[in-house]
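Numbering of ligands and ligand atoms starts at 1, following listing order. Only a predicted model underlies this, so the values are computations on that prediction, with no experimental measurement involved.
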Amino acid sequence: MRQKIVAGNWKMNKTLEEAKILASEVMAMVADEVKGNVKVVLCVPSPYLVPLKNQLGNSSIKIGAQNCSEHDWGAYTGEVSALMLKSMEIPYVILGHSERRQYFGENGKLLGAKVDKALAAGITPIFCCGEPLEIREAGTHEQLVKQQVEEALFHLSAEALQKVVIAYEPVWAIGTGKTATAQQAQEMHAVIRKQLASKYGEAVANEISILYGGSVNSKNAEELFSCPDVDGGLVGGASLKSREFVDVIKGMK
Ligand code: PEP
């Protein structure tokens with residue numbers, strides 16, 4: 001279902017103690033200040049999933065993981081499976097973040113398998129796509145992003161696709177302080193939604209939440225989130241400071 005979502009991606013940051021403090025500050029500020037129907041998700045390092053989930057208790061804030069394996073169980077040292085996340089009652093998982101694609105060689109086929117595992121476990125994948133700078137400069141960004149979406153998602157039924165959240169994250173805007181303009185974000189979100197409509201029909205495409213990610217902060221969030229096809233954000237750096245993150249969330253009207 002199309003929902004307004006702001007998800008924080010903490011990446012590999014914070015000690016457990018620091019993580020608990022950040023989560024409790026965000027929880028208190030969201031309870032006091034955030035009105036309306038925006039869903040807030042904290043995607044935290046794997047070892048902190050359970051302690052932070054317990055800490056959040058009945059709060060409206062949900063916990064997410066940052067990756068899962070394409071396998072269920074077995075001899076895959078260091079990996080975490082979707083079934084493990086399910087057993088910990090973790091409702092969201094980021095898949096295909098550009099850092100996973102770049103540093104861990106993740107590709108469309110693998111990500112399609114991970115999306116399947118997450119969905120089979122009843123976990124909402126936040127599937128990331130987005131082009132590097134050289135592709136943007138060459139003008140082939142639409143083509144690449146459409147290919148990323150097709151490779152990882154187009155084997156899904158319409159029913160399954162509607163359980164996926166997509167995050168468009170231009171790689172040149174991630175962690176660089178260089179944000180896509182609202183116009184650039186809207187253009188790409190519209191391209192993705194049109195692509196979904198061409199395969200699944202407009203009604204299905206209109207049900208998919210498409211988040212923007214790439215140096216979102218409290219100053220640019222409101223303008224980005226006001227675009228008709230931008231349903232929220234996936235937020236890295238700005239999610240590591242409670243005041244800044246909650247101000248980003250408040251940009252979602
Ligand atoms: C991200 O990691 O998904 C991200 C968008 O990071 P940042 O907000 O720091 O650019």
**Message:** Taking salt bridge (Lys or Arg N to Asp or Glu O under 4.0 Å) as the cut-off, I'd like each qualifying pair that reaches into residues 215-225, sequence neighbours left out, listed once.
**Reply:** none
**Request:** Please name all residues satisfying ring-ring contact (aromatic ring centres under 6.0 Å, His included) with Tyr168, sequence neighbours left out, ordered by chain then number.
**Result:** His189
**Request:** Could I get the full list of ring-ring contact (aromatic ring centres under 6.0 Å, His included) partners for Tyr200, not counting sequence neighbours?
**Result:**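 Here the qualifying residues are Phe154.
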**Request:** Find the distance between CG (Asp231) and OG (Ser209) and round it off to the nearest 0.5 Å.
**Result:**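 Taking CG in Asp231 and OG in Ser209, the distance rounds to 5.0 Å.
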**Prompt:** In a check of side-chain hydrogen bond (donor to acceptor under 3.5 Å, both in side chains) between Glu151 and each of Gln147, His155, Gln148, which one passes?
**Reply:** Gln147
**Prompt:** Is there a path of hydrophobic side-chain contacts, each under 4.5 Å between heavy atoms of I, L, V, M, F, W or Y residues, that connects Ile5 with Tyr212?
**Reply:**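 Unlinked, Ile5 and Tyr212 end up in two clusters.
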**Fill in**
Sorted by chain and residue number, the residues having a heavy atom closer than 4.0 Å to an atom of ligand 1 are Asn9, Lys11, His97, Glu169, Ala173, Ile174, Gly175, Gly213, Gly214, Ser215, Leu234, Val235, Gly236, Gly237
